[in-house]
S.K.: 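Next up is a structure, given as structure tokens.
Nothing fancy with the numbering, it's 1 onward along the sequence. Each ligand, and each atom within it, is numbered from 1 in the order the structure gives.
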Amino acid sequence: MSLDDDPLVRRMRPFGTTVFAEMSALAVRTGAINLGQGFPDTDGPVEMLDAAVDALRGGRNQYPPGPGIPELRAAIAGHQRRFWRLAYDPDGEVLVTAGATEAITASILALCEAGDEVVCFEPYYDSYAASIALAGAVRRPVTLRPHRGGYGFDPDELRLAFGPRTRLLLLNSPHNPTGKVFDRDELGLVASLCAEHNVVAVCDEVYEHLVFDGEHIPLAGLPGMRERTLQISSAGKTFSCTGWKVGWVCGPVPLISAVLRVKQFLTFVNAGPFQPAVALALGLPDAYYDGLRGQLGGKRDRLCAGLAQAGFDPLRPWGTYFVTADIRPLGGVDGMEFCQSLPFRCGVVAVPTQVFYDDVDAGRHLIRFAFCKRDGVLDEAIARLATLAVTGN
Ligand SMILES: *Cc1c(COP(=O)(O)O)cnc(C)c1O
């Protein structure tokens, strides 16, 4: 290799700077309101913040145990039982990770041989494609398309995606960026295909507590699925602390042992003083979880109404932090161009979702807005977006 060549391994070259970084930089440069990146602009529960301070001051600053501190593993198991009626043994069936991201990456690296196939729904969360590529595995996308005001998929397309090389099914519900919450029938089909093809399901459920319509149904709870499912979540979205990177994965002992083998050489451990704080937060009363859902649901309604008024065609999400919108009623054709010009036209940043599809045309006219922001910020963004319809600029 000469030094003039790109030193990056070939399998990572398709993955440039993330669109979030590009659009956030654009927001800073133009002083626009950033509804691109999905992080809250307020802090999580004060009891949790106090517990982290106590841990920092109380000498809990060294390596925690590899699988996570016992009190956090017990709290995670308790949470799974309390909300989803799923029983996991805190010793062996629960693993603490550096966010959900590490849990997903370690699961893929632990379970996929080079050339194995991973079925996933597109548009997908951006780390999925990169993690699959790192493992030398191959993604088999199934496209979610606008359907009855939300998103749906073609059952035959899903059936055809499974084959002899399929090793994993990667499912994100509630789904980022579409806000889709998979229903029982859809999950039933997914489960039966996993069983038929002897496939392990990796479920990213970081928005488990942000469902406004319908209900969150963990795939692991469907008949026969617990033994072949890794259930992943994290504190970031549920407790508004995305920078803490405390995540976890629950599953049967053989699968968790495999993931731990890889995870120990990625980060070994992380977030020592934040682990006891998240343990405390998981035990907060129902009022906390209901309050979070109520607040975010109100923001969802607020932004959807504002987008419709501004002339977009918003696809009302059932869950998550996000709403996607069709730009065609405003004369938009390409979401990437639309998002690059939006800060200059009206001072708001959104992200195009086409970058999360292999089938770029399926998402060309769709863009994503985050509504996990203070109401005043949302109102200002809505007022700015309203000028698009009025002036047509
Ligand atoms: C935010 C997000 C993650 C990342 O979670 P971390 O705990 O911050 O690693 C994973 N999956 C989806 C769908 C997300 O939106």
S.K.: Would Ser234 count as a polar contact of ligand 1, with the cut-off being nitrogen or oxygen pairs under 3.5 Å?
M.R.: yes

S.K.: Looking at Trp244, I want to see if its CH2 is surrounded by more than 12 non-hydrogen atoms of other residues, nucleotides or ligands under 6.0 Å.
M.R.: yes

S.K.: Does Phe322 reach ligand 1 with a nitrogen or oxygen that is under 3.5 Å from one of the ligand's nitrogen or oxygen atoms?
M.R.: no

S.K.: Classify the angle between the aromatic ring planes of His79 and Phe83 as parallel (below 30°), tilted (30 to 60°) or perpendicular (above 60°).
M.R.: tilted

S.K.: Distance to 0.1 Å, residue and atom name: give those for the protein heavy atom nearest to atom 2 (C) of ligand 1.
M.R.: Lys237 NZ, 2.6 Å

S.K.: Could you tell me whether ligand 1 has any atom less than 4.0 Å away from a heavy atom of Tyr207?
M.R.: yes

S.K.: Within the 4.0 Å heavy-atom shell around Lys245, which atoms of ligand 1 are there?
M.R.: 6 (P), 8 (O), 9 (O)

S.K.: Find all atoms of ligand 1 within a distance of less than 4.0 Å from any non-hydrogen atom belonging to Asn172, and give their numbers and elements.
M.R.: 13 (C)

S.K.: What distance separates Tyr289 OH from His209 NE2, expressed to the nearest 0.5 Å?
M.R.: 5.0 Å

S.K.: Less than 4.0 angstrom from a charged side-chain N to a carboxylate O is my criterion; do Arg139 and Asp358 meet it?
M.R.: yes

S.K.: Considering the heavy atoms of Gly99, write down every atom of ligand 1 situated less than 4.0 Å from one of them.
M.R.: 6 (P), 7 (O), 9 (O)

S.K.: Check for a donor-acceptor pair, side chain of Glu157 on one end and backbone N or O of Thr143 on the other, with a separation under 3.5 Å.
M.R.: yes

S.K.: Taking the six-membered ring for Trp and the single ring otherwise, decide whether the centroids of His147 and Phe153 are under 6.0 Å apart.
M.R.: no

S.K.: Answer yes if the ring centres of Phe356 and Tyr128 are under 6.0 angstrom apart, and no otherwise.
M.R.: no

S.K.: Do the two ring centres, one from Phe369 and one from Phe312, sit under 6.0 Å apart?
M.R.: yes

S.K.: Would you mind listing which atoms of ligand 1 come within a distance below 4.0 Å of any non-hydrogen atom of Ala100?
M.R.: 5 (O), 6 (P), 7 (O), 9 (O)

S.K.: Give me the residue, atom name and distance of the protein heavy atom closest to atom 9 (O) of ligand 1.
M.R.: Thr101 OG1, 2.6 Å

S.K.: Any nitrogen or oxygen of Tyr125, main chain or side chain, under 3.5 Å from a nitrogen or oxygen of ligand 1?
M.R.: no

S.K.: Do Asp204 and ligand 1 have an N or O pair less than 3.5 Å apart?
M.R.: yes

